[in-house]
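Working notes, structure below.
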Amino acid sequence: MNKNKRKKSIIGFIIAFIIIFSCLLASVVRVRLYNKKQHIESFVGYEFLNKEVVRKNIGLSVIPRTSTWGKIFDFNNEGLTDNNYQAYTYDFTIFNNSKDRINDFHFKLQFNQEAYISQGWNGAIEIHQFRDDNEYVATVPDLRDFNTNDYNFDIFRVDGEELVVMKPGDYLVYWPSSTLNAKEIPIEANEATTPGIIMYFPMNVEVENLSFSLYYKIHRMLATDVFFIISFLALIIWILVLIINIITTQKIKKYMIQHERDNKIINESIETFTGFIDAKDPYTNGHSKRVAIYTRMIAKELGFEGDELDRIYYIALLHDCGKIGVPDNILDKPSRLTGEEFEIIKAHTLMGGEILKRFKSLKDVELGALFHHERYDGGGYPVGLVGEEIPLIARIICVADAYDAMNTNRIYRNKLDRETIISEIEKNKGLQFDPKIADVMLGLIKSRKVDLVDTEK
């Protein structure tokens with residue numbers, strides 16, 4: 001992995017972590033705010049009395065149970081003999097329909113008709129009475145132990161029982177008990193609790209002028225929040241990907257070190273071999289390496305990169321390996337070659353291709369040696385291929401080989417100047433050279449990039 005890719009990868013991991021961490025933090029804040037929120041559900045008598053009402057998070061069922069407790073409420077001492085008030089037991093069953101726990105609740109019961117409270121159980125009852133433009137408020141921990149001497153409530157006594165008088169406008173607040181016996185709070189998901197109050201109302205009078213308001217807070221566990229679960233899973237995936245990336249990076253790093261070492265061994269081995277070839281002719285010493293460098297430069301301009309550039313370089317480095325079998329007296333001959341001698345020289349392409357056929361670890365390595373003297377117009381050797389019938393690597397080496405031949409001193413002539421070399425390549429576009437590759441070489445020459453080549457590297 002190159003430095004730019006590694007830098008982008010690190011930046012990507014950092015950005016991903018910031019996003020995931022922000023989501024986790026947001027989910028924590030979201031759950032805390034949700035748990036602090038007080039929800040309110042309000043009902044009027046005809047909505048909740050004698051029926052079950054279901055809302056989004058809660059359900060409410062208030063089914064009054066009548067009793068045989070009838071009493072005579074003789075307010076004016078008229079000597080009444082028949083029971084005129086009936087006791088009702090109100091069971092306020094509160095269902096938790098949410099998937100979370102109701103951590104806290106209380107309810108307010110507003111009276112819009114006169115009622116008399118006898119008893120309640122489990123929780124504390126906070127009573128609000130309005131008399132003579134004053135409000136009297138007191139909390140009775142348990143109505144079963146109610147003692148009028150401890151309070152200044154408006155009380156009505158009947159048959160030895162003391163009842164708390166609730167007139168229209170008065171209300172009570174029920175605070176549930178969390179004791180082990182009562183267990184009214186918390187209310188777990190899909191469970192219910194049932195506080196109860198006994199009240200007296202006139203007989204034959206429909207009770208519906210009551211208002212009920214439920215105040216509650218839902219406690220959502222962080223681990224059950226969907227947003228948190230998604231964010232947490234994303235963090236786990238991020239960690240796994242990070243670990244995999246670290247392991248992969250280390251393996252790639254180890255592979256690259258080994259790859260560079262192998263390339264160095266291959267390069268040194270091939271350069272040693274080509275050194276033997278170039279040593280046969282002191283006038284062409286370094287030719288193979290220069291041609292390989294020019295070939296790689298052209299290939300890079302054509303869009304090749306990475307390992308493919310290395311492969312192209314090695315193929316070009318070996319393009320003249322067939323000359324190992326050409327006699328020195330022919331290679332070093334300063335005068336014009338005879339027809340027979342030229343045929344021997346031409347045979348170095350076939351010999352090179354034959355030698356490199358056994359080099360299986362470098363794909364198509366023989367193509368450079370075999371076809372680098374083919375001409376684009378079909379007048380080359382050893383086969384006479386035309387145009388793109390000639391393998392691309394051979395077409396590239398052809399241009400690079402010709403440039404180095406013109407740019408170095410030979411036994412039969414001195415090197416040519418830049419203008420002459422440019423002119424020769426221009427003239428041979430479409431004849432000896434692939435026009436596209438020739439244009440790339442011309443660009444390298446005119447920009448003087450090839451002048452900077454250091455064959456000692």
Side-chain angles (χ1 to χ4, degrees), residues 263 266-267 269-271 273-274 277-278 284 287-326 342-406 424-445 450 453:
N263 276 352
I266 293 170
N267 187 50
S269 300
I270 294 174
E271 286 187 355
F273 177 57
T274 56
I277 301 166
D278 290 348
T284 61
H287 168 73
S288 297
K289 186 164 186 179
R290 289 193 300 274
V291 170
I293 293 173
Y294 302 146
T295 300
R296 180 165 56 186
M297 292 174 73
I298 295 170
K300 188 173 183 180
E301 293 294 319
L302 292 173
F304 291 93
E305 58 184 15
D307 289 346
E308 191 66 11
L309 275 180
D310 290 338
R311 187 181 71 86
I312 289 170
Y313 175 81
Y314 294 137
I315 292 174
L317 202 58
L318 291 166
H319 79 282
D320 266 347
C321 69
K323 285 184 178 180
I324 198 77
V326 178
F342 187 60
E343 288 301 319
I344 293 172
I345 284 286
K346 286 167 62 176
H348 84 277
T349 57
L350 295 171
M351 190 178 298
E354 190 63 30
I355 291 170
L356 295 178
K357 277 172 62 177
R358 299 174 182 84
F359 200 159
K360 300 296 184 183
S361 60
L362 195 60
K363 183 183 176 184
D364 297 332
V365 65
E366 74 278 6
L367 298 181
L370 189 58
F371 298 118
H372 71 279
H373 279 295
E374 296 285 0
R375 289 173 58 95
Y376 199 75
D377 60 5
Y381 62 87
V383 180
L385 299 176
V386 180
E388 294 190 5
E389 290 179 355
I390 306 167
L392 178 60
I393 181 62
R395 281 180 274 149
I396 297 173
I397 293 173
C398 176
V399 177
D401 185 51
Y403 171 75
D404 190 66
M406 291 185 284
E424 287 296 317
I425 295 175
E426 287 281 6
K427 284 193 303 183
N428 282 282
K429 286 198 304 183
L431 299 175
Q432 182 180 356
F433 309 127
D434 181 324
K436 182 179 179 181
I437 296 171
D439 284 337
V440 172
M441 188 73 233
L442 288 169
L444 293 171
I445 296 169
V450 290
V453 170

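With rounding to the nearest 0.5 Å, the separation of CD in Glu366 from CZ in Phe359 is 11.0 Å. In this structure, the separation between CG on Leu370 and CG on Leu367 is 7.0 Å, given to the nearest 0.5 Å. Separating the CD1 atom in Ile315 from the NE2 atom in His372 is a distance of 13.0 Å, to the nearest 0.5 Å. Taking CD from Glu424 and CE from Met406, the interatomic distance works out to 6.5 Å, rounded to the nearest 0.5 Å. Note that CG of Asp310 is 5.0 Å distant from OH of Tyr314, once rounded to the nearest 0.5 Å. A distance of 5.0 Å separates CG of Leu444 from CE of Met297, quoted to the nearest 0.5 Å.
Between Val440 and Glu301, the closest heavy-atom pair is CG1-CB, 3.5 Å. Between Glu374 and Cys398, the closest heavy-atom pair is O-SG, 3.9 Å. Across Phe371 and Ile390, no two heavy atoms sit closer than the pair O-CG2, 4.2 Å. In this structure, Ile393 and Gly368 approach most closely via the heavy-atom pair CG2-N, 4.4 Å. Across every non-hydrogen atom of Tyr294 and Asp404, the tightest pair is CE1-OD1, 3.7 Å. The two residues Ile312 and Ala299 have their closest heavy-atom pair at CD1-CB, 3.8 Å.
Looking at heavy atoms from C-beta onward, Tyr403 lies in side-chain contact with Met441 at the 4.5 angstrom threshold. When side chains are defined from C-beta on, Leu302 counts as touching Lys436, because their heavy atoms get closer than 4.5 Å. Counting heavy atoms from C-beta outward, Leu356 and Leu318 have side chains that approach closer than 4.5 Å.
Partner of Val291 under the side-chain contact (heavy atoms from CB on, under 4.5 Å) criterion, out of Ile396, Leu317, Ile397: Ile397 alone.
In this structure, the salt bridge (charged side-chain N to carboxylate O under 4.0 Å, His left out) partners of Arg375, at least two apart in sequence or on a different chain, are Asp377. In terms of the side-chain contact (heavy atoms from CB on, under 4.5 Å) criterion, residue partners of Ala438 (sequence neighbours excluded) are, by chain and number, Ile425, Lys429, Phe433.
Taking the six-membered ring for Trp and the full ring otherwise, the centers of His287 and His319 sit less than 6.0 Å from each other.
Of the possible donor and acceptor atoms, one in the side chain of Glu389 sits under 3.5 Å from a partner among the backbone N and O of Val386. Counting only distance, with no hydrogens or angles, the side chain of Arg311 and the backbone of Lys363 share a donor-acceptor pair below 3.5 Å.
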Determine all donor-acceptor pairs shorter than 3.5 Å in which one atom belongs to a side chain in residues 342-355; sequence neighbours excluded.
| unit_1 | atom_1 | unit_2 | atom_2 | d |
| --- | --- | --- | --- | --- |
| Glu343 | OE2 | Lys346 | NZ | 3.3 |
| His348 | ND1 | Ile345 | O | 2.5 |
| His348 | NE2 | Asp320 | OD1 | 3.4 |
| Thr349 | OG1 | Lys346 | O | 2.9 |

